[in-house]
Amino acid sequence: MILVEKVFAGIVSLVVKIFSLKPEKRYRWEPMRPDLETGNLAYPMVLIQIPMYNEKEVYKLSIGAACCLDWPSDRMIIQVLDDSTDLTVKDLVKLECENWKSKGVNITYEVRNNRQGYKAGALKEGMKHDYVQECDYVAIFDADFQPESDFLMRTIPFLVYNPDIALVQARWKFVNADECMMTRIQEMSLNYHFKIEQEAGSSTFAFFGFNGTAGVWRIKAIDNAGGWKDRTTVEDMDLAVRAGLEGWKFVYVGDVHVKSELPSTFKAYRNQQHRWSCGPANLLKKMAMEIMKNEKVSIWKKFHMLYSFFFLGKIVIQTATFIFYCVVIPVSVLVPEVEIPQWGVVYIPTLITVCIILGTPRVHF
């Protein structure tokens with residue numbers, strides 16, 4: 001099952017690459033320009049949300065990158081959502097926001113009295129401010145993400161000229177990929193996720209899981225899907241599934257890169273993977289019947305969501321990998337009577353591994 005899924009996604013991505021079926025060819029895209037009569041009013045209002053929590057090391061980089069985006073300053077609002085519990089960090093972040101505001105940047109510093117809902121709660125609270133009503137789209141960047149200056153210029157046109165698109169997702173670019181063996185392995189896994197899985201989902205069913213950052217949402221689509229919810233640890237995936245069930249389309253733009261950092265310690269990596277592994281299973285339990293009963297999308301899209309996206313992609317792969325490598329193979333070594341066919345222990349795992357590492361051909365161990 002896993003091999004068939006990997007091969008199918010690989011073939012789709014290969015076809016897209018060979019025939020240059022980039023999003024700009026599949027959807028209407030035109031560069032944004034000021035109008036001779038209305039001037040900057042030709043640009044839609046964009047909200048930039050940067051949720052933070054005790055981000056002492058990276059807060060300057062993320063805020064600075066957002067403030068340097070190539071977009072009319074009067075058509076952009078930067079919203080720093082600071083949930084920090086460290087008062088020193090809060091003061092530093094607030095001071096940085098005031099510094100950029102003194103330079104003419106439209107930036108606001110928002111805090112809450114509690115951390116209810118964590119990131120989802122912060123994003124939801126941020127959308128309640130009156131000035132958000134002026135905005136048509138919202139770009140979200142985690143505190144360790146640094147968009148290039150042309151990010152909005154390359155992503156917003158998809159939303160402006162295609163009213164059925166809800167989300168434009170950019171690709172992550174890892175600045176610390178060569179730090180250690182663990183970060184290199186993570187880079188290969190995540191490059192496969194973006195280059196193959198996200199590309200395949202975008203090209204076939206116009207659906208994939210929102211990565212929680214480095215993406216631009218149509219605010220109308222967020223409201224239509226019910227807004228941010230904190231019922232699981234994967235609030236980004238939750239919103240994406242609900243928006244997908246409303247018939248909205250998602251676009252993955254692999255040529256747009258956003259700098260980010262990979263977890264470089266085992267503790268940080270373990271916490272990240274725990275959230276990514278447990279959250280989708282919990283979300284599937286809550287949404288399985290809703291997906292099956294939905295009448296707004298095709299049966300094939302529902303099948304893709306239930307089987308490929310959730311069951312196979314979020315449950316079977318993790319479970320099968322653990323049982324095979326941590327139970328079956330050790331037992332076969334200790335108990336001679338247990339035999340594993342050569343195709344099962346060598347050929348198929350090798351093919352799956354090759355499919356994954358093809359997304360990062362430059363990696364050298």
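Worth knowing before you read on, the calculation uses all heavy atoms, side chains too, and leaves out hydrogens, waters and symmetry mates.
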Looking at residues at least two apart in the chain, or sitting in another chain, which of them share a side chain to side chain donor-acceptor pair (under 3.5 Å) with [X]?
{"X": "Gln169", "result": "none"}
{"X": "Arg112", "result": "Asp83"}
{"X": "Asn176", "result": "Glu179"}

Can you tell me which residue pairs pass the ring-ring contact (aromatic ring centres under 6.0 Å, His included) test with a partner in residues 41-72, sequence neighbours excluded?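 Counting only pairs at least two positions apart or across chains, the ring-ring contact (aromatic ring centres under 6.0 Å, His included) contacts touching residues 41-72 are Tyr43-Trp71.
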Which value, rounded to the nearest 0.5 Å, describes the distance between [X] atom [atom1] and [Y] atom [atom2]?
{"X": "Met287", "Y": "Met237", "atom1": "CE", "atom2": "CE", "value": "11.5 Å"}
{"X": "Ile50", "Y": "Asp144", "atom1": "CD1", "atom2": "CG", "value": "11.5 Å"}
{"X": "Ile48", "Y": "Cys135", "atom1": "CD1", "atom2": "SG", "value": "9.0 Å"}
{"X": "Asp70", "Y": "Met32", "atom1": "CG", "atom2": "CE", "value": "11.5 Å"}
{"X": "Leu69", "Y": "Met76", "atom1": "CG", "atom2": "CE", "value": "5.5 Å"}

Between side-chain atoms of residues 308-319 and protein atoms elsewhere (two or more places apart, or another chain), which donor-acceptor pairs fall under 3.5 Å?
| residue | atom | partner | partner atom | Å |
| --- | --- | --- | --- | --- |
| Ser308 | OG | Glu5 | OE1 | 3.4 |
| Ser308 | OG | Glu5 | OE2 | 2.6 |
| Thr319 | OG1 | Ile315 | O | 2.8 |

Whether Trp29 and Phe158 hold their rings parallel, tilted or perpendicular, with breakpoints at 30° and 60°: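 The rings of Trp29 and Phe158 sit tilted, inter-plane angle from 30° to 60°.
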Once ring pair (Phe, Tyr, Trp, His ring centres under 6.0 Å) is applied, do any residues pair with [X], and if so which ones, sequence neighbours excluded?
{"X": "Trp172", "value": "Phe145, Phe194"}
{"X": "Tyr109", "value": "none"}
{"X": "His304", "value": "Phe205"}
{"X": "Trp217", "value": "Phe210, Phe250"}

Looking at every non-hydrogen atom in both residues, tell me the closest pair between [X] and [Y] and how far apart they are.
{"X": "Ser264", "Y": "Cys180", "value": "O-SG, 4.3 Å"}
{"X": "Pro34", "Y": "Asn40", "value": "CB-OD1, 4.3 Å"}
{"X": "Ala170", "Y": "Val258", "value": "CB-CG2, 4.0 Å"}
{"X": "Ala42", "Y": "Asp35", "value": "CB-N, 3.7 Å"}
{"X": "Ala143", "Y": "Val58", "value": "O-CG2, 3.4 Å"}

Would you say the side-chain atoms of [X] pair up with the backbone N or O of [Y], donor to acceptor, closer than 3.5 Å?
{"X": "Ser298", "Y": "Lys301", "answer": "yes"}
{"X": "Lys119", "Y": "Gly212", "answer": "yes"}
{"X": "Ser202", "Y": "Gln198", "answer": "no"}

Basic-acidic side-chain contact under 4.0 Å: Glu30, Arg28: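 A salt bridge is present here (some side-chain N lies under 4.0 Å from a carboxylate O).
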Indicate yes or no: does Glu125 engage Lys128 in a salt bridge with an N to O separation below 4.0 Å.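 Yes, this pair counts.
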Shared hydrophobic cluster for [X] and [Y] (ILVMFWY, side-chain gaps under 4.5 Å):
{"X": "Leu47", "Y": "Val160", "answer": "yes"}
{"X": "Val256", "Y": "Val175", "answer": "no"}
{"X": "Val111", "Y": "Trp228", "answer": "yes"}
{"X": "Val16", "Y": "Val7", "answer": "yes"}
{"X": "Phe322", "Y": "Leu3", "answer": "yes"}

Assess the residue pair Ile291 and Val241 against the criterion (side chain to side chain contact (heavy atoms under 4.5 Å, CB included)); give the C-alpha distance rounded to whole Å, side-chain angles, the decisive distance to 0.1 Å, and a yes or no. CA-CA 9 Å; Ile291 294 174; Val241 173; 4.2 Å; yes
[Y] and [X], any side-chain heavy atoms less than 4.5 Å apart:
{"X": "Tyr252", "Y": "Arg171", "value": "yes"}
{"X": "Leu21", "Y": "Ser203", "value": "no"}
{"X": "Val297", "Y": "Lys302", "value": "yes"}
{"X": "Ile222", "Y": "Val138", "value": "yes"}
{"X": "Arg270", "Y": "Thr265", "value": "no"}
{"X": "Val93", "Y": "Ile63", "value": "yes"}
{"X": "Tyr269", "Y": "Met182", "value": "yes"}
{"X": "Lys25", "Y": "Ser20", "value": "yes"}

Please determine, by modelled atom types, if [X] and [Y] share a side-chain donor-acceptor pair under 3.5 angstrom.
{"X": "Asp82", "Y": "Ser84", "result": "yes"}
{"X": "Thr85", "Y": "Asn54", "result": "yes"}
{"X": "Tyr131", "Y": "Thr108", "result": "yes"}
{"X": "Trp276", "Y": "Gln272", "result": "no"}

Would one find more than 12 heavy atoms of other residues, nucleotides or ligands at under 6.0 Å from atom [atom1] of [X]?
{"X": "Ile18", "atom1": "CD1", "result": "yes"}
{"X": "Tyr161", "atom1": "OH", "result": "yes"}
{"X": "Lys94", "atom1": "NZ", "result": "no"}
{"X": "Lys103", "atom1": "NZ", "result": "yes"}

Run the side chain to side chain contact (heavy atoms under 4.5 Å, CB included) check on Glu55 and Ser62 step by step: do they pass? CA-CA 10 Å; Glu55 306 288 352; Ser62 57; over 6 Å; no
Contact list for residues 200-228, test salt bridge (Lys or Arg N to Asp or Glu O under 4.0 Å), sequence neighbours left out: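 Not a single pair qualifies under salt bridge (Lys or Arg N to Asp or Glu O under 4.0 Å).
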Only pairs at least two apart or in different chains count here, so list each salt bridge (Lys or Arg N to Asp or Glu O under 4.0 Å) that has a residue in residues 231-260.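 Sorted result for residues 231-260: Lys22-Asp255, Asp164-Lys249, Arg231-Asp238, Asp238-Arg242, Glu246-Lys296.
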Less than 3.5 Å apart, which donor and acceptor atoms pair up between the side chains of residues 323-341 and the rest of the protein, not counting sequence neighbours?
| residue | atom | partner | partner atom | Å |
| --- | --- | --- | --- | --- |
| Ser332 | OG | Ile329 | O | 2.6 |

Side chain to side chain contact (heavy atoms under 4.5 Å, CB included) between Val80 and Ile107: does it pass, once the steps are laid out? CA-CA 8 Å; Val80 178; Ile107 183 171; 4.0 Å; yes
Side chain to side chain contact (heavy atoms under 4.5 Å, CB included) for His129 and Gln79? Distances and angles first, verdict last. CA-CA 10 Å; His129 295 279; Gln79 185 185 67; 3.6 Å; yes
